[in-house]
Amino acid sequence: MPVNQELDVQLVEQARAEGFARPPQRKVQCPIVDIHAHAPAGPVAAPLYEAARLYGITRLAAISTLEDALELRQKYPETEMIPRLEFEHLGDPDRFVERNVELVRRAAAKGARIIKMWFAPRFVGRTGKRMDDPLLDPIFREIETHGLGVLTHVSDPDIWFQRVYTDVNLYGTKADQYPQLEHRLAAHPGVPILAAHMGGDPEHLDHLAELLDRYPNLYLDTSATKWIVRELGKQPGAARDFFRQYKDRILFGTDQVAIKDPEPFRYTSRYWIHQLFWETDVVCPLPIEDPDSDGQPILRGINLPEDVLPWIYYKNAARVFGVPVGEH
Ligand SMILES: [Zn+2]
């Protein structure tokens, strides 16, 4: 695709004028699971759920506390509860373990299928704890006992390692973020581990291919709108080939975050971007800001084939994690 291909400015302007509230025609007719979204209970979540319904999302993950997730499920039956581990008591190891083992047990009893944990370099820099810390062994055992999966965040954009995580002694290099994931994948082959944001390495599909080939229990989600669109959009052909090859290992997710006082069209614009990015070969200005972009951020669709999209949209969520995908 020529780099100087003309941007379809008109398309974005038209969509913006409509508040991104008129979803384009879908390429495939099937359920769509958004496996990575954050929402607290209460009215703050409403506009996110509305946008998701508008865009045909039949199952929406709510990463939150278990209590909030339960409340959301009560109100929105399409909620897939993804409770996150509680890290408040990290300073008191016994309490930390006890509370989180109990959390996993209760989450399983209430019908959760996936437990969220967050080991971004920021967190590791602050706490010194990584995903393979022995402290988490009893928690992983509990997860395995109940047949649950894990959703984890282990790395960040390449560019952050140049601009943000410049203290290598504190954060390590980008490559240093991966042994923690590999150790857990190897130690718990029966636990499917979903690595968020294309495993944190959309810049290096060859690395992801290596990991997927080595660990059959590893899966990737497509979440983080700006990062994923920016990096995969730089190599649409390679990205399409990668998705074709690993279609049974990738799950659609957005990383939408329900916040108080969102800017106009926050949620609809992101669903619009995702739809065009995965389903079309549109090239247009990205309608949201991307501080990590060099120059004007661009949406360059990777146009996934019709036989690949259903795997990403719902088949893997159902098959691997047992998520009820909802009625299309
Ligand atoms: Zn997230």
Side-chain angles (χ1 to χ4, degrees), residues 32-41 44-45 47-49 51-52 55 57 59-66 68-69 72 76 78-87 103 107 112-127 129-131 148-157 159-160 164-165 177 180-181 184 192-203 208 218-232 250-260 262-263 266-267 269-271 273-274 277-278 288-292 312 316-317 321 323:
I32 302 178
V33 178
D34 180 349
I35 201 70
H36 190 141
H38 301 255
V44 167
L48 170 58
Y49 277 87
Y55 273 81
I57 308 301
R59 192 85 182 169
L60 179 62
I63 298 170
S64 60
T65 64
L66 178 59
D68 276 24
L72 285 165
Y76 306 101
E78 71 266 45
T79 300
E80 179 64 23
M81 305 190 299
I82 305 192
R84 47 168 195 255
L85 291 186
E86 296 174 1
F87 283 96
L103 169 67
R113 298 164 187 87
I114 301 172
I115 302 293
K116 172 78 193 297
M117 49 190 76
W118 196 72
F119 289 95
R122 274 162 286 172
F123 175 83
V124 173
R126 195 169 69 232
T127 64
K129 292 278 181 260
R130 290 192 187 270
M131 192 176 158
L148 305 182
V150 165
L151 170 56
T152 187
H153 172 137
V154 293
S155 196
D156 279 328
I159 203 165
W160 291 15
V164 184
Y165 304 131
Q177 312 307 314
Q180 57 173 335
L181 173 63
R184 281 296 168 195
I193 299 185
L194 181 58
H197 321 313
M198 294 302 289
D201 212 8
E203 295 92 342
L208 296 179
L218 172 64
Y219 298 85
L220 311 176
D221 86 27
T222 67
S223 72
T225 310
K226 291 170 276 192
W227 181 14
I228 298 306
V229 166
R230 182 177 68 242
E231 296 303 333
L232 296 186
I250 309 170
L251 283 72
F252 171 71
T254 58
D255 208 11
Q256 295 257 29
V257 182
I259 57 169
K260 228 174 133 219
E263 67 276 21
R266 178 186 176 94
Y267 310 112
S269 63
R270 282 167 170 76
Y271 279 125
I273 291 168
H274 277 276
F277 185 70
W278 305 115
I288 58 175
E289 284 176 20
D290 177 6
D292 293 323
I312 313 298
N316 295 326
F321 296 96
V323 173

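Atoms within a ligand are numbered from 1 in the order they appear, just like the ligands themselves. Keep in mind it's a predicted model, so treat the numbers as computed, not measured.
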- prompt: Taking NZ, NE, NH1 and NH2 as the nitrogens, is one of them in Glu78 or Arg59 under 4.0 Å from a carboxylate oxygen of the other?
  reply: no
message: If the cut-off is 2.8 Å, does any N/O/S atom of His38 fall short of it from the Zn ion (ligand 1)?
response: yes
- prompt: Looking at the Zn ion (ligand 1), is one of the N, O or S atoms of His153 less than 2.8 Å from it?
  reply: no
message: Can you confirm whether Ile57 sits close enough to Val33 that some side-chain heavy atom of one is under 4.5 Å from a side-chain heavy atom of the other?
response: no
- request: Would you name the N/O/S atom of Asp255 that lies closest to the Zn ion (ligand 1)?
  value: OD1
query: Hey, are Asp255 and Arg270 close enough for a salt bridge, meaning a charged N less than 4.0 Å from a carboxylate O?
result: no
query: Side chain of Ser223, backbone of His36: donor and acceptor closer than 3.5 Å?
result: no
